[in-house]
Amino acid sequence: MKIRQEVRRKIIQIAAFGYSNTYLGNFINGRIYKGEWKQFCNPGMNCYSCPAARLSCPIGAMQAVSGSIQFRFSFYVMGFVLALGVIFGRAVCGFVCPFGLIQELLYKMPFPKKKLWKGFTYVKYLMLLVFVLVLPVVNTNIVGMGEPAFCEYICPVGTLEGGIPLLGTHPELRSMLGTLFSFKMCILIVTLIGCLMVCRFFCKVMCPLGAIYGLLNKISLYHMEIDKERCISCGMCSANCPMDVDPVKHPDSAECIRCGKCTETCPKQALSLKFRCRIKSQ
């Protein structure tokens with residue numbers, strides 16, 4: 001029996017989520033796993049401080065070292081992310097990002113649905129430039145260490161997966177709460193409401209990791225192909241795209257997460273996702 005593309009994708013998403021969060025027992029005692037697996041980065045967004053997390057968050061790792069004098073790990077992180085982006089592009093977001101799965105489940109809940117203004121999709125590039133790349137380097141303390149600006153001031157993933165669970169198990173942390181945590185809780189609430197209304201709101205608007213992968217969509221080996229002879233311009237592909245992309249006009253859009261919904265809905269099978277072959281026969 002042939003398994004539908006969306007079912008296969010969901011199986012991969014659930015497996016990736018489970019592998020990324022194997023230490024569920026840590027939610028009870030509020031411990032954070034700090035073993036050898038934390039040397040490696042998760043391909044998607046999953047907070048380091050989440051008690052169940054097995055791997056590090058690449059965005060957090062980038063910031064943690066970009067302002068320091070030890071660049072070896074930052075080169076590894078950037079190389080890891082760029083390599084995944086060149087091979088898979090934003091398919092990483094569509095298949096193995098733990099927070100991507102959370103967003104999709106939230107969107108399935110009954111709530112008024114809205115279309116996002118396209119201009120908001122550029123905010124994530126501002127997040128990447130300012131909070132991930134610039135501030136950790138230019139805003140340093142007395143010993144020359146930069147602060148992880150995106151994680152500290154913005155990231156709703158960290159607030160949801162790390163901040164709230166740790167506060168629930170560590171009463172001593174609650175006395176330290178202040179304006180910053182209240183601000184981050186407001187960002188989290190806005191993000192969650194956004195995810196209820198707009199499919200993958202965080203991916204579209206705020207995710208700096210998705211911004212990196214999206215920039216590499218145009219050159220990634222895994223890509224979208226269109227058979228223009230088969231295409232009848234019915235518009236079903238764009239109508240069913242969760243990322244509001246027209247794959248016929250923009251097959252390499254930075255917003256496309258390669259989920260494959262358009263390939264399934266195309267009545268003429270004019271769209272396909274595959275690895276491009278760089279070597280041409282003579």
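Start at 1 with the first residue, then count along the sequence.
Within the 3.5 Å criterion, the main-chain N or O of Glu229 finds no donor-acceptor partner in the side chain of Lys268. Checking side-chain atoms of Ser56 against main-chain N and O of Lys38 turns up a donor-acceptor pair under 3.5 Å. Judged purely by atom type and a 3.5 angstrom limit, Asn217 uses its side chain to pair as donor or acceptor with the backbone of Arg90. Judged by distance alone, with hydrogens and angles left aside, the side-chain atoms of Lys218 form no donor-acceptor pair with the main-chain N or O of Leu215 at under 3.5 Å.
Residues satisfying the ring-ring contact (aromatic ring centres under 6.0 Å, His included) test with Tyr23, not counting sequence neighbours, are Tyr33.
For the pair His223/Arg258, a side-chain contact is recorded, criterion being any heavy-atom separation below 4.5 Å from C-beta on. Looking only at side-chain heavy atoms (C-beta outward), Pro242 and Cys259 come within less than 4.5 Å of each other. Contact annotation: the side chain of Leu166 approaches that of Ile32 to within less than 4.5 Å [non-hydrogen atoms, C-beta and beyond]. The shortest side-chain heavy-atom distance between Ile102 and Phe17 falls under the 4.5 Å cut-off. Counting heavy atoms from C-beta on, the side chains of Thr169 and Ile28 never come closer than 4.5 Å. Using a 4.5 Å heavy-atom threshold, the side chains of Leu129 and Tyr125 count as separate. The side-chain heavy atoms of Met206 and Val123, taken from C-beta on, include no pair separated by under 4.5 Å.
Under the 4.0 Å criterion applied to side-chain N and carboxylate O atoms, Glu225 and Arg276 are not assigned as salt-bridge partners. Using a 4.0 Å cut-off between charged side-chain N and carboxylate O, Glu104 and Lys10 make a salt bridge. Using a 4.0 Å cut-off between charged nitrogen and carboxylate oxygen, Arg9 and Glu6 count as a salt-bridge pair.
With respect to Pro156, the side-chain contact (heavy atoms from CB on, under 4.5 Å) criterion is satisfied by exactly one of Val190, Leu192, Leu188, Ile189: Leu188. When each of Lys114, Lys204, Arg200 is paired with Asp244, the salt bridge (charged side-chain N to carboxylate O under 4.0 Å, His left out) condition holds for Lys204 and for no other. Looking at Cys266, Cys231, Cys262 one by one, the single match for side-chain contact (heavy atoms from CB on, under 4.5 Å) with Cys237 turns out to be Cys262.
Atom CD of Glu264 sits about 12.0 Å away from atom CG of Leu271, to the nearest 0.5 Å. Note that SG of Cys207 and CZ of Phe150 are 6.5 Å apart. Values are rounded to the nearest 0.5 Å.
At a threshold of 4.5 Å between side-chain heavy atoms, the hydrophobic network of Ile, Leu, Val, Met, Phe, Trp and Tyr places Tyr107 and Leu160 in two separate groups.
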